[in-house]
Structure formats: C-alpha cells, structure tokens
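I have placed the structure first, in the form of structure tokens, so that the comments after it can refer back to it.
Convention: sequence-line order gives letters A, B, ...; per-chain numbering from 1.
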2 protein chains.
Amino acid sequence: MTSMPPEERIGSHIKRAEQALLAAKTTACKPAAVTVPQYAALLWLAEKPGISAAALARLCGVTAPTMNTVLKNLHERGLVERTPHEWHRNVLETRLTPEGRAAMELADAGAVRVERALAAAFSPEEREQLVALLGRCAEVLDALK
Amino acid sequence: MTSMPPEERIGSHIKRAEQALLAAKTTACKPAAVTVPQYAALLWLAEKPGISAAALARLCGVTAPTMNTVLKNLHERGLVERTPHEWHRNVLETRLTPEGRAAMELADAGAVRVERALAAAFSPEEREQLVALLGRCAEVLDALK
DNA sequence: TGCCAAGCATTAGAACCCTAACTACTCTTC
DNA sequence: GAAGAGTAGTTAGGGTTCTAATGCTTGGCA
C-alpha cells in the first residue's frame, strides 16, 4: 500500500552510498583514533590555522554548536589549542597542535586511500557525470528547502 | 599541503547531496511531527506488521540498539505498539497504532513529494545512470571495508 | 555618546548512531 | 535429555547532530 517503492526512490540510493562512504572513512580514520567529523575539522584547520569555530562549522557543513562539541573533544585530547583573538576578545582562534597535525596526516592517508579507490572505479567521463548529477541533486533539494 | 583538494573528492559530493536530502526530508516529515528515521521505521512497519525490531533494523540499515531507541520514542508517543510473540517469548512484535498509521501517511506524502521533485530533475536515462553510478560507489566502498 | 544589529561562543535538551557486552530464548545436534 | 549455535532484546557509554536560547563583543549609525 506504499505509494512509492524504495527501489524507485533516488534518495535511498544516495543514502546507501553515503552510508558506505561513512563506514569506509570511519575504518580509514581508526588508526588515527579520530572520528570522521573530527578528521574533517582537523583537515580544514591544517589549511586555515587560527580560524574561528563558527567559520570552521560553515566549512564542514555543520552548525556552530555541533562544531563546538567536536572541538571540545579534540581539545580535551590535546589535538587542537584555542587561544583568544587579539582584537575580537570574543573570538577563539583554533590551531592544530603537533599531535593534532600528526593525527590529521595519519587519518588523511587513510581517507585519501578511500577516495582513490572510489575514483578508480570510474572513468574520467563517469566521474564527471557522477559529480554533475550529484550537484543537480543538491541543487534541487536545496531549492525545495 | 593537503594531499587531495576537496573538489576532487567524490565523497564530498556524495555527502553534500545526502545532507540536502536529509534536510529536505526533515522538513517534509515536520507536519507529521516525526523524524526521518522514525518515518523510515513507520514506513516499513506499515508494510510488514508484527516484524521484530532486529529485522526492522536490518531493513532500515541501522543497528539493533539504534532501532531500539527509535522504537522507544515511537512507543512513548503511542505511534507503535509492541506485544510479545506467541511462541518466541523473546520476540516483541511491533505494529502501527492508528495514530502511527496516520503519522506515517502524512509523512509519506511529504517524502514522496521530495522524491518526485528529485526524480523530475532528471531524464529517465540520467536517472538510470545516477542510480547505477551510486550503486557502484556503494559496492566499491563496501568491498573496501 | 549611546543604541542596536551582527557575529561568535556556549549551554540545554532531544534524537540518532555506533560498538561492546550481557541476558534470554529457540532450535539443532550429539 | 543436554550442550552449543543463532537470534532477539536490552543496557551502557561515547560521539554527532540539530534547534532554541543566552551572553558577550564589536562596529555602525543616529
């Protein structure tokens, strides 16, 4: 009595691929003892040292409170340090510690391995198609908001 | 110093599409006052009344403890009922209540609306391509496990 | 000068999701 | 009949995610 069978729902295929991706990245990040969101934050921090938590949240596609908890966990483990900004007393500048950089590089090696394996499964044209089609998905769904 | 730019990572495009999908479905489920995972559980329960929580978890692609918490929330709100199985005393049969069915139908209307809008953005050939490419993604990533 | 909008950080509360571990029951096999 | 395998349910604990709300600082504007 269902109005639309699961197989015909494009969303279920997107979700399935994303689940597999998350699982693969989780195991890839395991040697570094960080989670996937933690790795994402560390990766952006390596590229933009001293960024604010709010800006980092935007880059990672999460909300500020979410990034707050991620950074809290990273800070408790000594992977990042947070120092007050010179002028904007309210802003905390976040940076990688040496341990944080090491963890990021270890996790990145695993993540890149996953990405390379994924990319290797497609021809350059297929890759381009896939990215384009996914982009249109995001566009349509965002417009639906 | 990053080994691979984000734009070249197929995974980031998959994640982006999935995020947009989740956001769209979340708003679509809002009139029924259920979350997306709750809607997924209700949808399968409508199709397979009396299913066990473990089997439902497998259908929804989550673990048994996760489904346990989802069902607990649904049960507290009176959307599902759970009765002991006749023979297998250990099994709890889960069924929709009338309120649960109403919520499912309301949420399903919104979810189908999202799926139709998504499908309308592609030609039949493109749709087929997208599903095939996503399937290959899941396959490759699962093999990586 | 003083007010106010904007941005940053944080807390609280709810929900989801996982792994790990434990308990209970059924069914098969010896 | 009894041991073991398999399945179901649950608890515990850590982590991520959201919305809503609060407090703080800064900079623009009257």
TODO: Check the distance between C:dA15's C1' and B:L42's CG and give it to me in whole angstrom.
DONE: 15 Å
TODO: Work out which heavy atom in A:Y39 is nearest to a heavy atom in B:R9; give both atom names and the distance.
DONE: OH-NH1, 2.8 Å
Open item on the list: Please check: side-chain N/O of A:R82 versus main-chain N/O of A:L92, any donor-acceptor pairing under 3.5 Å?
Closed with: no
Task: Boundaries of the chain B footprint along DNA chain D (any atom under 4.0 Å from a heavy atom) - done: D:dA8 to D:dT11
Task: Sequence-distant partners of A:E81, salt bridge (Lys or Arg N to Asp or Glu O under 4.0 Å), two or more places apart - done: none
N/O to N/O distances under 3.5 Å, protein versus nucleotides 12-14 of chain C:
none

Task: B:K72 or B:A55, whichever maps to the more 5' nucleotide of DNA chain D - done: B:A55
TODO: Measure the distance from CD on A:E93 to C1' on C:dG7 and round it to the nearest whole Å.
DONE: 16 Å
- [ ] Would you mind reporting whether B:P37 and B:V62 have side-chain heavy atoms less than 4.5 Å apart?
- [x] no
TODO: Evaluate the side-chain proximity of B:K25 to B:E115: yes if any heavy-atom separation is below 4.5 Å, no if none is.
DONE: yes
Open item on the list: Is there a side-chain contact between A:Q19 and the phosphate of C:dC17, meaning an N or O under 4.0 Å from OP1 or OP2?
Closed with: no
Task: Pairwise 5' ranking along DNA chain C for B:R77 and A:K30, keeping only the more 5' one - done: B:R77
- [ ] Among C:dT10, C:dC18, C:dA15, find the nucleotide with the atom closest to the side chain of B:T63.
- [x] C:dC18
Open item on the list: With a 4.0 Å cutoff (strictly under), does any side-chain N or O of B:T69 reach OP1 or OP2 of C:dA15?
Closed with: no
Open item on the list: Need one value for A:S52: base, sugar-phosphate or nothing, where a base atom within 4.0 Å counts as base even if backbone is also close, heavy atoms only.
Closed with: sugar-phosphate
Task: Results of side chain to side chain contact (heavy atoms under 4.5 Å, CB included) for A:L56 - residues two or more places apart only - done: A:A41, A:W44, A:L45, A:I51, A:C60, A:M67, A:L71
- [ ] Starting at atom NZ of B:K25, determine the distance to atom P of C:dC16, rounded to an integer number of angstrom.
- [x] 16 Å
- [ ] Answer yes or no: is there a donor N or O on one side and an acceptor on the other, between the side chain of A:Q38 and the main chain of A:T35, under 3.5 Å?
- [x] yes
Task: SB check A:E99 A:R101 (cutoff 4.0 Å) - done: no
Open item on the list: Between the side chains of A:R16 and A:E18, is the shortest nitrogen-to-carboxylate-oxygen separation below 4.0 Å, so that they form an ion pair?
Closed with: no
Open item on the list: Contact between B:L134 and A:L133 at the side-chain level, heavy atoms closer than 4.5 Å - yes or no?
Closed with: no
Please write out each protein N/O paired with an N/O of nucleotides 25-28 of chain C under 3.5 Å, distance rounded to 0.1 Å.
| unit_1 | atom_1 | unit_2 | atom_2 | d |
| --- | --- | --- | --- | --- |
| C:dT26 | OP1 | B:W87 | O | 2.9 |

TODO: In whole angstrom, give the distance that lies between atom CE of A:M67 and atom P of C:dG7.
DONE: 19 Å
Open item on the list: Whole angstroms only, please: what is the CG-P distance between A:L56 and C:dT10?
Closed with: 13 Å
- [ ] State which residues pass side chain to side chain donor-acceptor pair (under 3.5 Å) with A:R58; sequence neighbours excluded, sorted by chain then number.
- [x] none
Open item on the list: Within the 4.0 Å heavy-atom criterion, would you say B:T35 contacts the bases, only the backbone, or no part of the nucleic acid?
Closed with: sugar-phosphate
Open item on the list: Can a donor-acceptor pair be found, under 3.5 Å and without considering hydrogens, that links the side chain of B:R136 to the backbone of A:A121?
Closed with: yes
